[in-house]
Structure formats: structure tokens, C-alpha cells
2 protein chains.
Amino acid sequence: MNEQSCLEFTGLEISPRKIDYLTFILEKGGTVKTTEISSSLQVDPSTTSKTLNELARAGYVNHVPYRGVDLTELGKVYTEFLVKRHRILSLLLTHYGLSPEKACDEVSRFEAFVSRDAVDKICSSMGHPMFGVCGEISHGKCLHEEYLTECRNK
Amino acid sequence: MNEQSCLEFTGLEISPRKIDYLTFILEKGGTVKTTEISSSLQVDPSTTSKTLNELARAGYVNHVPYRGVDLTELGKVYTEFLVKRHRILSLLLTHYGLSPEKACDEVSRFEAFVSRDAVDKICSSMGHPMFGVCGEISHGKCLHEEYLTECRNK
DNA sequence: TGTAAATTTGGGCTTACACCAAAAAATTTT
DNA sequence: AAAATTTTTTGGTGTAAGCCCAAATTTACA
């Protein structure tokens, strides 16, 4: 995976449920076992096993059978975007009178269908906030030109 | 369908594609033929026929076989909400730097998963705007108490 | 009335997601 | 180290939402 990989996704590649898998793996960190994911997401281990294979085939995780998974470089970059998207959108909704909890729930339902492009626009329109309602917002390694320029001019 | 029917939905009842069917039927008005829907949504008539049956079973349309469909009272109220949601969310996104067209496209992808409750909060937080980027925003027959009170006090 | 057009039905395919049972691999226990 | 237990995977199934094609049905019209 090269350095431009962060520019090569729309944010619409992953289904809602796979977002849960990836963010769990990112938050847990390191190598994660099938059972840990299964009990966290409350699904049968066989379901986890199959989903992990799909995520591996798509290049987001390394899966060593019977051993566990960890994020690939693409997986890390991608999942950081997923987290950022979640936090930006949640923060946005709280600006319209939703409680942090409700905002989080609401966003979890639709975030998979919000493009990276839209998130970037919202993010810069909000002034690249550093904190959301459910954690720190990392602007990651994929800062877009506009923000880099802003930073340089500080 | 009684007068309270407008209070008995979450906004999450309908799949993305069915939204297209219902809004087309609302916009076309009156009784709509299978073929009209098919050519507008670019799907096989057999697909339309089956979807119409599902919408009829769910109570949103009256379907007279070989004749066409029209919205039930519930269908009208519900679809007016769908349109309002689309317009409120599109308007919202344009406030974050998205063009009207991009906002519309973006919203079309995720609107099905935004609850009525969230839409109501966003709507009142925006001051119940009357115009969106893709048409007039009707606040319909299901105005919530807060807005009714506001109106009474004007 | 008979043919053409519209519509529906039946069958099949895909994606996403889930479960269970059984096989396989790893781990733990004795 | 071998046996027993636990974890993980595989294979089979099922549901729900879409979609298409081909064939049957109904309507419309010439």
C-alpha cells in the first residue's frame, strides 16, 4: 500500500456492519481474536470468521487463520477515517439539538453512506474541530491540501 | 388510518429504494402506472410490480392489479415526511459547503437511516425553513407541538 | 375478436448479514 | 506427551432487499 492510498477511497466501500468490525479492531489494537470480536459485536464466531475473511480479501486486515487479525496499513488509514467520520457527524448533529448519545446512535445508522468528500467539506467548514462528542478527532495522515495550507500559515 | 397515524412512525420503516418509489408516486400525483415508475427508476417492470405489492402490503399505497397505484392516507403523510427529510438534510449539507446537487446526491444515499426524531430536531433548530435547495419544505400535517406553539404566538 | 401492450408471476441471481452443526486447529490439563 | 477442552473455521441454511428474464395473464385497441 503506497502513500497515496489514503486518497484512493470514497468512504463508501464498507457496509455498516463491517465498520463495527474495523473500529473494534482499531480500538482494541494489535492482534485481535475472533472470540473478542464476536462477544463485543454479539454475533456467532462463525459470522466473525467469515466477515474477517472478507475484510482480509478487501485488504483491510491481515488474517492468520486460528491466530487473529490486525489492521493493514490501508486498514489503519481507512479505519481512522471511519472514526473521524463518526465523530464529525456526531458533533454536527449535537449542533442541532441532539444529545451526544442520540447523535452517536443516529450517526451509527447512516454514517456508512456519507462520502469522504462530504466529510472533508463538513470538517473544514467546522474549522477542523479537534474534539467530538465521543472522543478526539484525528485529522490523520490524509489531511487535504486546504488544511495543510492553513496549518503552514499559522 | 386515523388522525394520529402521523405520530406513529420513526422514519426508518422504508428502505432507500422504496423511498424512490413513494416520492415518485407523490410527485406524479393520482394513480400511477407500473410502466411510468419503471422507466423513471430504470428498473424492470416486474421489479416495480413486486415492490408495489410490498408497499401495498405495508399500507402506503393502494394497488389495483393491472390498473396502477395511488398513495393511501398514511402513504401521503409518510411520503411528505420523506420529502421534508430529504430537503431539510440537503439544506443542512449546503450549509457546510456542499453544492445543492452534491448535497442532494449525498442525502439520497443516507436519508433512509435518519430518524424522524432527528429530522424534527434539526428542523426546529433551523427555524423550520420554508425553502430547501430542491424545493419547498412543507411542514405538513404533523407539526410537532413546539412549532405549533411558535406559530400560535406569532 | 384478435393482436399488441402492459402487468404480473415464477424462477433465479447477488449482497449483506445471521445462525447451527461439524470439522479442524490450538490450547490446556493431566 | 496424550487426552480433553476451547477456539476457530467450514459448510450448509435462512432472511431481507434488490435486480433480471421468461412466461402467463390481463387490458386495450384496431
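Below, chain A is the first sequence line, B the second, and so on; all start at residue 1.
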Take nucleotides 22-30 of chain D nucleotide by nucleotide from the 5' end and write B, S or -, depending on whether a protein heavy atom sits under 4.0 Å from the base, only from the sugar-phosphate, or from neither. B--BSSS--
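For B:Phe110 and A:Phe110, the ring centers sit closer than 6.0 Å to each other.
Atom P of nucleotide D:dG18 and atom CG of B:Asp20 are separated by 9 Å, given to the nearest angstrom. The CG-P distance, from A:Leu52 to C:dC17, rounds to 13 Å in whole Å. Taking atom CG on A:Leu41 and atom P on C:dC19, their separation rounds to 11 Å, with Å as the unit. Distance CD1 (B:Ile14) to P (D:dA16): 15 Å, rounded to an integer number of Å. The interatomic distance linking B:His63 (NE2) with C:dT8 (C1') rounds to 8 Å, in whole Å. As rounded to whole Å, 10 Å separates atom C1' of C:dA16 from atom CZ of A:Phe113. Note: CG (A:Asn53) to C1' (C:dC17) measures 15 Å, nearest angstrom.
Aromatic ring orientation, B:Tyr60 versus B:Tyr78: tilted (interplanar angle from 30° to 60°).
Side-chain nitrogen and oxygen atoms of B:Thr47 include at least one within less than 4.0 Å of the OP1 or OP2 phosphate oxygen of D:dC20. Using a 4.0 Å cut-off, some side-chain N or O of B:Thr34 falls inside it from OP1 or OP2 of C:dT8. Look at B:Lys50 and you won't find any side-chain N or O under 4.0 angstrom from OP1 or OP2 of D:dA17.
No side-chain N or O of B:Ser138 forms a donor-acceptor pair with one of B:Glu80 less than 3.5 Å apart.
Between A:Asp20 and A:Arg17, at least one side-chain nitrogen of the basic residue sits less than 4.0 Å from a carboxylate oxygen of the acidic one, meeting the salt-bridge criterion. Between B:Glu36 and B:Lys33, none of the side-chain N atoms (NZ, or NE/NH1/NH2) sits under 4.0 Å from a carboxylate O, so this pair counts as no salt bridge.
Residue contacts for B:Lys33: at a heavy-atom cut-off of 4.0 Å it reaches the sugar-phosphate backbone alone, with no base atom in range.
The only option from B:Leu55, B:Thr34, B:Ile37 that meets the side-chain contact (heavy atoms from CB on, under 4.5 Å) definition with B:Val69 turns out to be B:Ile37. For the side-chain contact (heavy atoms from CB on, under 4.5 Å) with B:Leu82, the qualifying choice from B:His86, B:Arg85, B:Lys84 is B:Arg85, the only one to do so.
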